[in-house]
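Structure first, commentary second.
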Amino acid sequence: MKRLGPGLIMALVAGFAFLYLPILALIAYSFNASRLVTVWGGFSTHWYGALMANQPLLDAAWLSIRLAFVSASVATALGTLAALALARYGAFRGRTLFAGMVLAPLVMPEVITGLSLLLLFVSAQVERGFWTVTIAHATFSLGFACIVVQSRLAGFDRSLEEAARDLGATPIVTFWTVTLPLIWPAVAAAWMLAFTLSLDDLVIASFTTGPGATTLPMRLYSAVRLGVSPEINAACTIMIGAVALVVIAASLLLKRDQLAGA
């Protein structure tokens, strides 16, 4: 095995330090007893208690969770169907256009996506709120779900489906009893990824939301502009922990799926 050189090791350490030291500092100062975020006043969980008493912030968190759950479910369902179409039906007419439309949000800047959806909702005279943000989040996370599921279908043993069809199962029965159970870890990982993307989004939600539909990232951003408080650090720490758990769970599911398919 080729060993890493000292220069490459130093570059890796510097890169990880640049990425993760600010996050670790934020987590550490969420347990700061002092009201000043840059002055350490001792260890305390006071700001987590204050966070639990902040009703506007709790309402925004509950809204974000509901929004992420619905949009992730819609994106995963549509992404799974799109992955099946791309993986099973070969070079059908319009495949390139279809794949481009599904995967375009992955490379499209969020500002453009948010502005485009805003213009769509305004032109359609749709009242902006919970459901417009849900549609927007499902739109941009659909491509991620499609890629995750399609990667699993690429190595899928289709002889199992053919055996079910030979025994008289219809295509729908075959999908529910054979295909879906075998690709379920990838579908679950796609849902978790879509949930995380929705929970973290600020830009697209800012364009497509309306009165009474303020998400947690939007609430935190508004509060930070007036000054960072340890209470905000506590909220961000909880978000980091929740997202980290979801990402770890998705990674474990994908790894188990890859080992099962090997």
Side-chain angles (χ1 to χ4, degrees), residues 64-110 113 117 131 133-166 169-201 204-205 242-262:
S64 292
I65 292 173
R66 289 188 289 121
L67 193 152
F69 180 86
V70 176
S71 64
S73 300
V74 173
T76 303
L78 296 178
T80 300
L81 295 177
L84 284 170
L86 293 172
R88 296 295 171 81
Y89 295 101
F92 58 86
R93 180 177 298 179
R95 174 189 171 90
T96 303
L97 177 62
F98 177 74
M101 293 177 63
V102 171
L103 303 179
L106 274 68
V107 296
M108 192 76 66
E110 290 189 355
T113 302
L117 290 169
W131 290 110
V133 181
T134 300
I135 293 172
H137 282 185
T139 299
F140 88 88
S141 57
L142 186 152
F144 293 93
C146 177
I147 286 179
V148 173
V149 178
Q150 188 178 0
S151 65
R152 175 64 184 93
L153 289 171
F156 188 84
D157 186 3
R158 299 200 58 184
S159 63
L160 299 173
E161 293 178 330
E162 294 171 357
R165 295 296 303 276
D166 290 340
T170 62
I172 295 179
V173 172
T174 301
F175 173 78
W176 284 106
T177 59
V178 178
T179 307
L180 185 59
L182 292 175
I183 66 171
W184 179 249
V187 174
W191 187 90
M192 292 179 185
L193 179 59
F195 183 89
T196 303
L197 292 171
S198 175
L199 193 65
D200 285 348
D201 176 69
I204 295 178
V243 170
L245 289 176
V246 171
V247 171
I248 291 172
S251 300
L252 292 176
L253 284 172
L254 280 176
K255 185 176 181 180
R256 190 182 72 173
D257 186 44
Q258 292 172 354
L259 291 176

From [X] atom [atom1] to [Y] atom [atom2], the distance as rounded to the nearest 0.5 Å:
X: L103; Y: F98; atom1: CG; atom2: CZ; result: 9.0 Å
X: I183; Y: L153; atom1: CD1; atom2: CG; result: 5.0 Å
X: S64; Y: F69; atom1: OG; atom2: CZ; result: 15.0 Å
X: L142; Y: L106; atom1: CG; atom2: CG; result: 9.5 Å
X: L86; Y: I147; atom1: CG; atom2: CD1; result: 10.0 Å
X: W184; Y: T80; atom1: CH2; atom2: OG1; result: 9.0 Å

Using atom types as modelled and distance alone, determine if a side-chain donor or acceptor of S151 lies under 3.5 Å from a backbone N or O of V148.
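Yes; at least one donor-acceptor contact below 3.5 Å.
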Under 3.5 Å, side chain of T196 to main-chain N/O of M192, donor-acceptor pair present?
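Such a contact is found between T196 side chain and M192 backbone.
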If you take all heavy atoms of [X] and [Y], which pair is closest and at what distance?
X: A186; Y: R152; value: CB-CB, 3.6 Å
X: S198; Y: A68; value: OG-CA, 3.3 Å
X: A145; Y: G79; value: CB-CA, 4.4 Å
X: I65; Y: L199; value: N-CD1, 4.3 Å
X: F195; Y: A72; value: N-CB, 3.6 Å
X: E110; Y: I204; value: O-CG1, 3.7 Å

Close side-chain approach of [X] and [Y], heavy atoms under 4.5 Å:
X: P171; Y: R165; answer: yes
X: I135; Y: T139; answer: yes
X: F140; Y: D201; answer: yes
X: W131; Y: V70; answer: yes

